[in-house]
Amino acid sequence: MKLFAVTAVVMLLSPPGRAEIIVLRSGEDITARVSLISSCTVKLENGTQLPRKDILEIQLAGQSAPQAAAIAVTERDKADAAAAFGQAREFGARYSGMNGLILLDSGEYVLKPDGTQVFRNHQIRQILKESLKQQWGTVGSCAEEGRERVRITKASVYAPDGAVYPLDPARIETSRPQDGSGDFFVAGNICSIYEMPNVQAGSIVDYETELETYNPFRRDFFFPGWGFADDQGPVRVSQVRVTVPASQDFFYSTRNFPAPAPEQPAVTRASETRTYSWRLENIEPLAAEPNMPAYQNVAPFLLGSLFKNWGPVLDWTAGLYEERTKPSPELARFTLDLVKNCKTEDEKAAEIYHYVQKEIRYIALKVGVASGWGGYDANLTWKRRYGCCVDKALLLTAMLNAAGIKASPVLINTNDQAELDFRIPQLGFDHCITVAEISGRHVFLDSTGYDYRSPSIAGFDYGTVVLNIFGHKL
């Protein structure tokens, strides 16, 4: 299962005595302790940082599996284990050389009438190669503090010799990690981590987690997403259910579904709810290739929303950005002094563009939705002299407007990420830049770079569809 949502990346620290074998795509192996894994970088304890794109896999080494506590095994546990091994034998007979088998990949989204939400995830997977022991042998889920809570409700290991190791709640670790990758830092999350005991090649792991959003920042922002394929092995059953109040409209889009699988859901109606269900079976594994398209571009994928069009998303985002792009008198005076010797709009825009590029460092400090999605106020970013892509885009917009050049922040997915499905409104963007009306032309400016000559922008910005916030359009 590939689940896409606005979540934090967990910082993973190696416990004492543990080392990892990092296998690079070049064929080189590195044995070292990993101190942090983020979306872009793997950082070693000695300070070395490795780009994740250069890493083929990370294997545990130098530590024996911990012994499980004596948790009572029920008849239901034994029956679940027997059923799972039966499915694995039948399903696995069709494939050879796989890293693992995904026997069940199940998700459930529930939107309650008061706008609170629950997401439940159930996975049953057989580990066939040692390289998957760490990845599939650890259950982890994170929640934004003050808005969400997570629970690990099941985490059983079914051993090839018939032994069953149910969840030991005492072994669940809770942490408040700060994810850091180079210049990007995210905090404000609570994570529950459970390392399943006695996992070995041939074991089956069976776990369930629940994420409850009890204090949503917008009660109409409900964007379920689900991927039905995996890059580590074939999927026997992948299914997802979305339940909304009976009076609530629900819109969705699907892509890359294999024929003749139906893209339309089964709909179940009750007196107070309506449930949409999708189910795919016998899904071939995704074969990893160098420079392959993003997951959402090649795998069967579902997106959902309560909105039929982008209006509510644009209204909400514009409200945040309009407030944060009002230049203070001090910033306005500085901007006008900066461009006082410029004779044309092109010269003014170039002077401001180069200033924000070179004088405002790219450093991101994110805590929650307000700073994550809304960014920091342009005046604060100017005084701090650092910010992320949103912060720098807001500052560039504010300074251009102060110089009399109409500008707007725009949201994009860079061309090395998934191509967004604009049929369904969503919050799936990974970058923010600026569009300005300069001498009668619409010009895109990306101030996250440090040395692009105006009006040049980074190569990953080209060929993308943008969401023009102040223009209220795609």
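This one's a predicted model, so the numbers in the text were calculated from it and none came from an experiment. Computation of the quantities below employed the complete heavy-atom set of this structure, encompassing side-chain atoms and omitting hydrogens, waters and symmetry-equivalent molecules.
Side-chain atoms of Ser447 and Leu445, non-hydrogen and from C-beta on, never get closer than 4.5 Å to each other. With contacts defined as side-chain heavy-atom distances shorter than 4.5 Å, the pair Phe222/Gln248 does not qualify. Residues Glu148 and Leu211 form a side-chain contact, since some pair of their non-hydrogen atoms from C-beta on lies under 4.5 Å apart. For the pair Ile102/Trp136, a side-chain contact is recorded, criterion being any heavy-atom separation below 4.5 Å from C-beta on. In this structure, Tyr207 and Ile152 have side chains that are not in contact, with every pair of non-hydrogen atoms separated by 4.5 Å or more. Within the 4.5 Å cutoff, no side-chain heavy atoms of Val237 are placed close to those of Gln87. A heavy-atom distance below 4.5 Å is found between the side chains of Leu111 and Leu306. Within the 4.5 Å cutoff, side-chain heavy atoms of Ile193 are placed close to those of Thr138.
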Query raised in the report: Run the side-chain hydrogen bond (donor to acceptor under 3.5 Å, both in side chains) check on Asp430 and Thr414 step by step: do they pass?
Result: CA-CA 7 Å; Asp430 77 331; Thr414 52; 3.0 Å; yes
Requested in this report: Give the C-alpha distance, both sets of side-chain angles, the deciding distance and a yes or no for side-chain contact (heavy atoms from CB on, under 4.5 Å) between Thr254 and Gln264.
Outcome: CA-CA 8 Å; Thr254 56; Gln264 300 301 315; 6.0 Å; no
Report task. For side-chain contact (heavy atoms from CB on, under 4.5 Å), just list the numbers for Tyr252 and Ser305, CA-CA rounded to whole Å, side-chain angles, deciding distance to a tenth of an Å, and then say yes or no. Result -> CA-CA 6 Å; Tyr252 57 86; Ser305 173; over 6 Å; no
Report task. Please assess Arg236 against Leu101 for the test side-chain contact (heavy atoms from CB on, under 4.5 Å), listing each intermediate value before the final yes or no. Result -> CA-CA 8 Å; Arg236 177 179 171 272; Leu101 301 174; over 6 Å; no
Report task. For side-chain contact (heavy atoms from CB on, under 4.5 Å), just list the numbers for Leu280 and Val235, CA-CA rounded to whole Å, side-chain angles, deciding distance to a tenth of an Å, and then say yes or no. Result -> CA-CA 9 Å; Leu280 297 181; Val235 182; over 6 Å; no
Query - Residue pair Asn297, Glu419: steps toward the side-chain hydrogen bond (donor to acceptor under 3.5 Å, both in side chains) verdict - result: CA-CA 6 Å; Asn297 293 350; Glu419 181 181 342; 4.7 Å; no
Query raised in the report: Can you check side-chain hydrogen bond (donor to acceptor under 3.5 Å, both in side chains) on Gln123 and Asp105, steps first, answer last?
Result: CA-CA 5 Å; Gln123 300 290 314; Asp105 171 37; 2.7 Å; yes
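The structure places CD of Glu108 at 5.5 Å from OG1 of Thr243, a figure rounded to the nearest 0.5 Å.
A side-chain contact (heavy atoms from CB on, under 4.5 Å) with Thr209 is found for exactly one of Thr153, Val139, Val150, namely Val139. Partner of Phe250 under the ring pair (Phe, Tyr, Trp, His ring centres under 6.0 Å) criterion, chosen from Phe223, Tyr109, Tyr276: Tyr276. Results of the ring pair (Phe, Tyr, Trp, His ring centres under 6.0 Å) test with Trp316 over Tyr321, Phe307, Phe221 single out Phe221 as the only residue that passes.
Note: Phe228 and Trp278 fail the aromatic proximity criterion, with ring centroids not under 6.0 Å apart.
Scanning all heavy atoms of the two residues, the minimum distance from Ile469 to Thr317 falls at CD1-CG2, 3.8 Å. For the residue pair Asn256 and Ala299, the shortest heavy atom distance occurs at ND2-O, 2.9 Å.
Side-chain contact check for Gln239 and Ser106: at least one donor-acceptor pair (N or O, by modelled atom type) lies under 3.5 Å.
Using a 30° and 60° split on the angle between ring planes, Phe460 and His431 fall in the perpendicular class, above 60°.
Remark: SG of Cys191 is found under 2.5 Å from SG of Cys142.
Of the charged side-chain nitrogens involved, at least one lies within less than 4.0 Å of a carboxylate oxygen, so that Asp421 and Arg423 count as a salt-bridged pair.
In the displayed structure, Arg274 atom CZ is contacted under 6.0 Å by more than 12 heavy atoms of other residues, nucleotides or ligands. Within 6.0 Å of the CZ atom in Arg76, the count of heavy atoms belonging to other residues, nucleotides or ligands does not exceed 12.
Judged purely by atom type and a 3.5 angstrom limit, Arg147 uses its side chain to pair as donor or acceptor with the backbone of Asn215.
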